[in-house]
Amino acid sequence: MGGVDSGHTVRIGDRDVFCTESGSGPAVLLLHGGGPGASGLTAYARNVAALARRFRVIVPDMPGYGRSSKRIDHSDPFGDLAAAMTGLLDAIDLPSAHVVGNSYGGAAALRMAMDSPAKVDRLVLLAPGGIGTTRALPTAGLRALLAYYGGDGPSRDKLATFLREYLVYDPSVITEEMIDNRYRASLDPEVVANPPLRRPSGPSAPRTLMRMDLTRDSRLSLVPHRTLVVWGAEDRVNRPSGAKLLARRMPHCDVYLPAATGHWVQGERPDFFNNLATAFLGETA
């Protein structure tokens, strides 16, 4: 397969998941973050072509985002997304894949490894969500992210502030076109009515919050996969201290903390990430 295909929709249970594929070789599944207007290709636009030189690259819009069905299970969002992505691999006849996950997608990738370890080859976690989230107050970046659909509702100014002040260390990497595209996507009526990323509420909220902190899951120390954690040293959404926490808890975990880099490592430092991921995923055991 040459360039990125035009995409196709896969039925998984009662939901549709849209994804694109490119390249050939060992399969790599790229899972995006959970910010407003996020999607698979917008999150990894600067990485797919480089990775596709060595790998079969599969880039879904996770449930709740892009062109996929908008419903997710808010009582266990990371587990629900993990099950959907495992279902995607089954639907396209892949027994397993390397899994790369950024932020929200990183939490889903880690749940895939814990819930269905045979479906995952190696893990690359880019500032994953769900790491120590019940052990400290939310960061300013995470508060801004969770507040996007609250108050007076979504706005281009809110989105621009989040992208330039919190997503990256160097705001010049965020273009006006990127803001416009993500803002339009964030206004999908289904998403506005039922945002996929939100604070748990109601009587079950405490249980959901504990479930969403993956450092509370005893299976974390049993994850058998070779894991690479890449966490921007200047991340203002998820605290970089989470990287060392994972290194202490996971038995086969390497950590990189790139300097002068924010939450969106693969977009802000694409050459660095592409070379590092290709080397890690391509090396022999």
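Just so you know, these numbers use all the heavy atoms, side chains as well, and skip hydrogens, waters and symmetry mates.
More than 12 heavy atoms of other residues, nucleotides or ligands lie within 6.0 Å of OH in Tyr149, so this atom counts as buried by the packing criterion. In the displayed structure, Arg11 atom CZ is contacted under 6.0 Å by more than 12 heavy atoms of other residues, nucleotides or ligands. When the shell of 6.0 Å around CZ of Arg67 is examined, it contains 12 or fewer heavy atoms from other residues, nucleotides or ligands. For OH of Tyr148, the number of neighbouring non-hydrogen atoms (other residues, nucleotides, ligands) closer than 6.0 Å is greater than 12.
Ring centroid separation for the pair Tyr65 and His32 comes in under the 6.0 Å cut-off.
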Worked check of side-chain contact (heavy atoms from CB on, under 4.5 Å) between Arg71 and Asp14: CA-CA 10 Å; Arg71 183 183 60 78; Asp14 60 353; 2.5 Å; yes

Pair Val237-Leu167, side-chain contact (heavy atoms from CB on, under 4.5 Å): steps then yes or no: CA-CA 7 Å; Val237 177; Leu167 186 68; 5.6 Å; no

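A donor-acceptor pair under 3.5 Å is absent between the side-chain atoms of Arg54 and the main chain of Gly23, judged by distance alone. Between the side chain of His225 and the main chain of Val120, a donor-acceptor pair closer than 3.5 Å is present. Between the side chain of Thr208 and the main chain of Pro200, no donor-acceptor pair closer than 3.5 Å is present. No donor-acceptor pair under 3.5 Å is formed between the side chain of Ser116 and the backbone N or O of Lys119. Side-chain atoms of Thr42 do not come within 3.5 Å of backbone N or O of Ala38 as any donor-acceptor pair. In this structure, the side chain of Arg249 engages the main chain of Thr215 through a donor-acceptor pair within 3.5 Å. Checked by atom type and distance alone, the side chain of Asp121 never pairs as donor or acceptor with a backbone atom of Arg226 at under 3.5 Å.
In this structure, Cys19 and Asp61 have side chains that are not in contact, with every pair of non-hydrogen atoms separated by 4.5 Å or more. Put simply, the side chain of Tyr104 reaches to within 4.5 Å of the side chain of Leu81, judged on heavy atoms. The shortest side-chain heavy-atom distance between Asn274 and Leu276 does not fall under the 4.5 Å cut-off. Using a 4.5 Å heavy-atom threshold, the side chains of Leu31 and Pro60 count as touching. Contact annotation: the side chain of Val10 approaches that of Ile12 to within less than 4.5 Å [non-hydrogen atoms, C-beta and beyond]. Residues Ile174 and Trp264 are in side-chain contact: their nearest non-hydrogen atoms beyond the backbone lie under 4.5 Å apart. With a 4.5 Å cut-off on side-chain heavy atoms, Met85 and Pro63 count as touching. Within the 4.5 Å cutoff, side-chain heavy atoms of Tyr44 are placed close to those of Asn102.
One finds a salt bridge joining Arg122 and Glu283 here, because a Lys/Arg side-chain nitrogen approaches an Asp/Glu carboxylate oxygen to under 4.0 Å.
In this structure, OG on Ser186 lies 11.0 Å from CG on Asn181, to the nearest 0.5 angstrom. To the nearest 0.5 Å, the span separating CG on Leu51 from CG on Leu30 amounts to 6.0 Å. Here Arg239 contributes atom CZ and Trp231 contributes atom CH2; the two are 10.5 Å apart, rounded to the nearest 0.5 Å. The line from CG of Leu281 to CZ of Phe55 is 5.0 Å long, rounded to the nearest 0.5 Å. Here the CZ atom belonging to Arg46 is positioned 13.5 Å from the CG atom belonging to Leu41, to the nearest 0.5 angstrom. Note that CD of Glu268 is 5.5 Å distant from OG1 of Thr261, once rounded to the nearest 0.5 Å.
Note: the hydrophobic cluster containing Met212 also contains Leu125 (ILVMFWY, side chain heavy atoms under 4.5 Å, direct or indirect links). Residues Ile131 and Leu197 are members of one and the same hydrophobic cluster, defined by side-chain heavy-atom contacts under 4.5 angstrom among Ile, Leu, Val, Met, Phe, Trp and Tyr. Using a 4.5 Å cut-off between side-chain heavy atoms of Ile, Leu, Val, Met, Phe, Trp and Tyr, with links allowed through other members, Leu246 and Leu228 fall into different hydrophobic clusters. In the hydrophobic clustering of ILVMFWY residues, with side-chain heavy atoms under 4.5 Å counting as a link, Val230 and Val168 come out apart.
Nearest heavy atom pair, residue Leu123 against residue Phe280, reads O-CE2, 3.4 Å. The two residues Asn194 and Lys70 have their closest heavy-atom pair at ND2-O, 4.4 Å. The two residues Asn238 and Ala127 have their closest heavy-atom pair at ND2-O, 3.0 Å. Nearest heavy-atom pair across Gln266 and Ala43 is NE2-O, 3.3 Å. Summarising the geometry of Cys253 relative to Val255, their closest heavy-atom pair is SG-CG2, 4.1 Å, with the distance given to 0.1 Å. When every heavy atom of Arg15 is checked against every heavy atom of Ile72, the shortest pair comes out as NH1-CA, 3.7 Å.
The closest side-chain donor-acceptor pair between Arg216 and Thr134 falls under 3.5 angstrom. Between the side chains of Ser24 and Arg56, no donor N or O sits under 3.5 Å from an acceptor N or O. Side-chain N/O atoms of Asp73 and Ser75 include a donor and acceptor closer than 3.5 Å. Side chains of Thr139 and Arg236: no donor on one and acceptor on the other come within 3.5 Å.
Pro154 pairs with exactly one of Leu187, Leu159, Val191 by the side-chain contact (heavy atoms from CB on, under 4.5 Å) rule, that one being Leu187. Across Asp217, Asp76, Asp213, a single residue satisfies salt bridge (Lys or Arg N to Asp or Glu O under 4.0 Å) together with Arg111, and that is Asp76.
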